[in-house]
Amino acid sequence: MLKSGSNEPEQCISIMISNVYQHNTNTQGCIKEIYKANPDVVLLLETNNLWKEGTDELSEKYPYHVKVPQENTYGMLLYSKLKLTDSEVKFMVEDDIPSIHTKVILKSGTAILLCGVHPTPPSPTENERSKERDKELLLIGDIVKQQNMPAIVVGDLNDVAWSHTTSLFLKMSGLLDPRRGRGFFNSFHAGYPFLRFPLDHAFISPDFKLNTIKRLDNYGSDHFPIFIEVQYEPHNKNHENVMQPDADDIKEATEKKNKT
């Protein structure tokens with residue numbers, strides 16, 4: 001994954017991804033961190049009605065938004081300074097697990113696809129198997145392929161960057177992990193400094209180049225926020241690092257998407 005060689009602000013987009021931890025009530029701490037980082041787009045996860053009301057003031061600076069508050073720890077709030085079009089909330093696999101799909105218009109006028117996701121993790125209390133998470137990610141990968149436009153997928157994937165599931169998603173979607181070769185940027189668990197994993201992700205299509213990626217300060221959540229800025233460079237696509245699926249990958253992906 002190459003870094004951008006030139007500075008073209010009109011072609012850039014910065015995104016802050018933050019799982020707020022639904023039971024954390026420090027909405028003002030979150031807002032302070034957003035204003036400090038000053039991203040173009042903010043995706044807040046695990047957001048219920050308390051978080052929706054507590055972050056409503058962001059609408060003044062971020063006039064475009066998609067709000068899906070839920071009380072089941074899978075709510076989402078998307079705020080944007082950049083214009084959003086064709087915004088949809090989809091429940092792709094489970095009736096109470098949303099994802100946000102929208103087009104973001106860069107200052108240059110370029111439209112990009114942005115998908116915000118937070119699939120359920122495999123766990124004894126929430127989801128004994130990973131099939132729902134895997135299926136949702138692969139279906140989103142299909143959407144990225146079908147749209148055939150610059151794309152960014154962001155969110156808490158409840159999976160680490162080096163897992164088989166993440167690798168399969170990257171192969172099938174054609175997206176890149178901008179962290180590769182730059183560090184893990186471990187975002188969870190904020191309370192355990194010696195046991196942390198990269199669960200909050202931003203995957204990008206090859207026509208983006210990385211400007212910045214960093215972990216931001218915690219404000220009471222069990223996740224650190226992640227900030228990323230990328231630049232759209234359509235004439236300098238970075239295809240050399242795109243992972244290609246083989247026949248076994250395609251078969252596995254097809255089986256996972258067809259599971260009920």
Side-chain angles (χ1 to χ4, degrees), residues 13-105 112-121 125-127 132-133 136 140 152-158 187-191 199-202 215-228:
I13 179 171
S14 58
I15 304 171
M16 174 177 162
I17 310 123
S18 186
N19 182 321
V20 305
Y21 182 56
Q22 181 173 297
H23 304 295
N24 170 28
T25 60
N26 188 15
T27 57
Q28 284 302 308
C30 175
I31 289 172
K32 181 180 178 180
E33 194 63 24
I34 291 169
Y35 287 158
K36 185 169 68 174
N38 195 30
D40 297 316
V41 177
V42 180
L43 177 65
L44 302 178
L45 305 166
E46 283 201 27
T47 41
N48 58 4
N49 279 301
L50 181 149
W51 275 90
K52 175 184 175 294
E53 293 170 5
T55 59
D56 271 345
E57 70 176 77
L58 291 172
S59 298
E60 294 183 17
K61 193 171 183 180
Y62 294 85
Y64 305 97
H65 33 77
V66 181
K67 300 181 180 182
V68 198
Q70 296 195 159
E71 301 298 329
N72 65 349
T73 73
Y74 288 95
M76 293 182 169
L77 302 175
L78 180 71
Y79 289 95
S80 180
K81 296 178 187 177
L82 301 172
K83 183 179 180 180
L84 304 180
T85 66
D86 303 321
S87 299
E88 293 182 87
V89 176
K90 298 184 180 184
F91 297 83
M92 301 188 68
V93 177
E94 299 175 83
D95 291 341
D96 58 350
I97 308 297
S99 56
I100 294 173
H101 304 249
T102 187
K103 293 184 177 68
V104 183
I105 310 301
I112 69 168
L113 175 66
L114 179 69
C115 300
V117 299
H118 186 198
T120 55
T125 56
E126 293 190 60
N127 181 359
E132 286 85 2
R133 179 197 61 197
E136 180 171 346
I140 287 172
I152 303 176
V153 175
V154 294
D156 174 0
L157 271 61
N158 279 309
S187 58
F188 176 87
H189 189 291
L199 300 187
D200 298 275
H201 303 271
R215 192 175 72 184
L216 303 178
D217 292 332
N218 181 257
Y219 50 85
S221 173
D222 51 356
H223 288 244
F224 288 97
I226 297 293
F227 176 95
I228 183 170

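Keep in mind that what you see is a predicted model, and the values were worked out from it rather than measured.
- Rounding to the nearest 0.5 Å gives a distance of 5.0 Å between CE of Met92 and NE2 of His101.
- When all heavy atoms of Pro119 and Ile97 are compared, the pair lying nearest together is CA-CG2, 4.3 Å.
- Closest approach of Thr73 and Glu46 over heavy atoms only: O-CG, 3.0 Å.
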Discussion item. Go through it in stages, so that I can follow the logic: the residues are Thr55 and Ile34, the test is side chain to side chain contact (heavy atoms under 4.5 Å, CB included), and I'd like the CA-CA distance, side-chain angles, deciding distance and then a yes or no.
Written reply: CA-CA 10 Å; Thr55 59; Ile34 291 169; 5.9 Å; no
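- Relative ring orientation between Tyr62 and Tyr79 is described as perpendicular, the plane-to-plane angle rising above 60° on a 0-90° scale split at 30° and 60°.
- Judged by distance alone, with hydrogens and angles left aside, the side-chain atoms of Asn72 form a donor-acceptor pair with the main-chain N or O of Asp96 at under 3.5 Å.
- A distance of 10.0 Å separates CD1 of Ile228 from CD1 of Ile13, quoted to the nearest 0.5 Å.
- Legend: residues meeting salt bridge (charged side-chain N to carboxylate O under 4.0 Å, His left out) with Lys52, ordered by chain and number and at least two apart, are absent.
- Taken from CG in Asp156 to CD1 in Ile17, the straight-line distance is 10.0 Å, to the nearest 0.5 Å.
- In terms of heavy atoms, Asn49 sits closest to Pro69 at OD1-CG, 3.6 Å.
- At a threshold of 4.0 Å, the pair Lys32-Asp217 does not count as salt-bridged, since none of the basic side-chain nitrogens sits closer than that to a carboxylate oxygen.
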Worksheet item: Can you list the steps and then say if Glu136 with Lys90 is a side chain to side chain contact (heavy atoms under 4.5 Å, CB included)?
Response: CA-CA 11 Å; Glu136 180 171 346; Lys90 298 184 180 184; over 6 Å; no
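- Rounded to the nearest 0.5 angstrom, Thr25 OG1 and Trp51 CH2 are separated by 8.0 Å.
- Thr85 is not listed as a side-chain neighbour of Thr102, based on a closest heavy-atom distance of 4.5 Å or more.
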Fill in: Derivation and outcome, side chain to side chain contact (heavy atoms under 4.5 Å, CB included), residues Leu58 and Tyr35
CA-CA 9 Å; Leu58 291 172; Tyr35 287 158; 3.7 Å; yes
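- In this structure Asp86 satisfies the salt bridge (charged side-chain N to carboxylate O under 4.0 Å, His left out) test together with Lys103, sequence neighbours excluded.
- Note that OG1 of Thr47 and CD of Glu71 are 9.5 Å apart. Values are rounded to the nearest 0.5 Å.
- Within the 4.5 Å cutoff, no side-chain heavy atoms of Leu82 are placed close to those of Ile105.
- Checked by atom type and distance alone, the side chain of Asp40 never pairs as donor or acceptor with a backbone atom of Lys81 at under 3.5 Å.
- Atom OH of Tyr219 sits about 8.5 Å away from atom CD of Glu33, to the nearest 0.5 Å.
- Among all heavy-atom pairs drawn from Ser221 and Asn19, the shortest one is OG-O, 2.6 Å.
- The side-chain heavy atoms of Leu44 and Cys30, taken from C-beta on, include a pair separated by under 4.5 Å.
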Discussion item. Working note: Tyr64 + Val66, criterion side chain to side chain contact (heavy atoms under 4.5 Å, CB included); need CA distance, chi angles, decisive distance, verdict.
Written reply: CA-CA 7 Å; Tyr64 305 97; Val66 181; over 6 Å; no
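- The heavy-atom pair separating Ser14 from Pro39 by the smallest distance is OG-CA, 3.3 Å.
- Judged by distance alone, the side chain of Asn218 and the main-chain N or O of His223 form a donor-acceptor pair under 3.5 Å.
- In this structure the side chain of Val89 never reaches within 4.5 angstrom of the side chain of Met76, judged on heavy atoms.
- Within the 4.5 Å cutoff, the side chain of Leu114 has heavy atoms near those of the Leu78 side chain.
- Without hydrogens or angle criteria, Ser80 side chain to His65 main chain gives no donor-acceptor distance under 3.5 Å.
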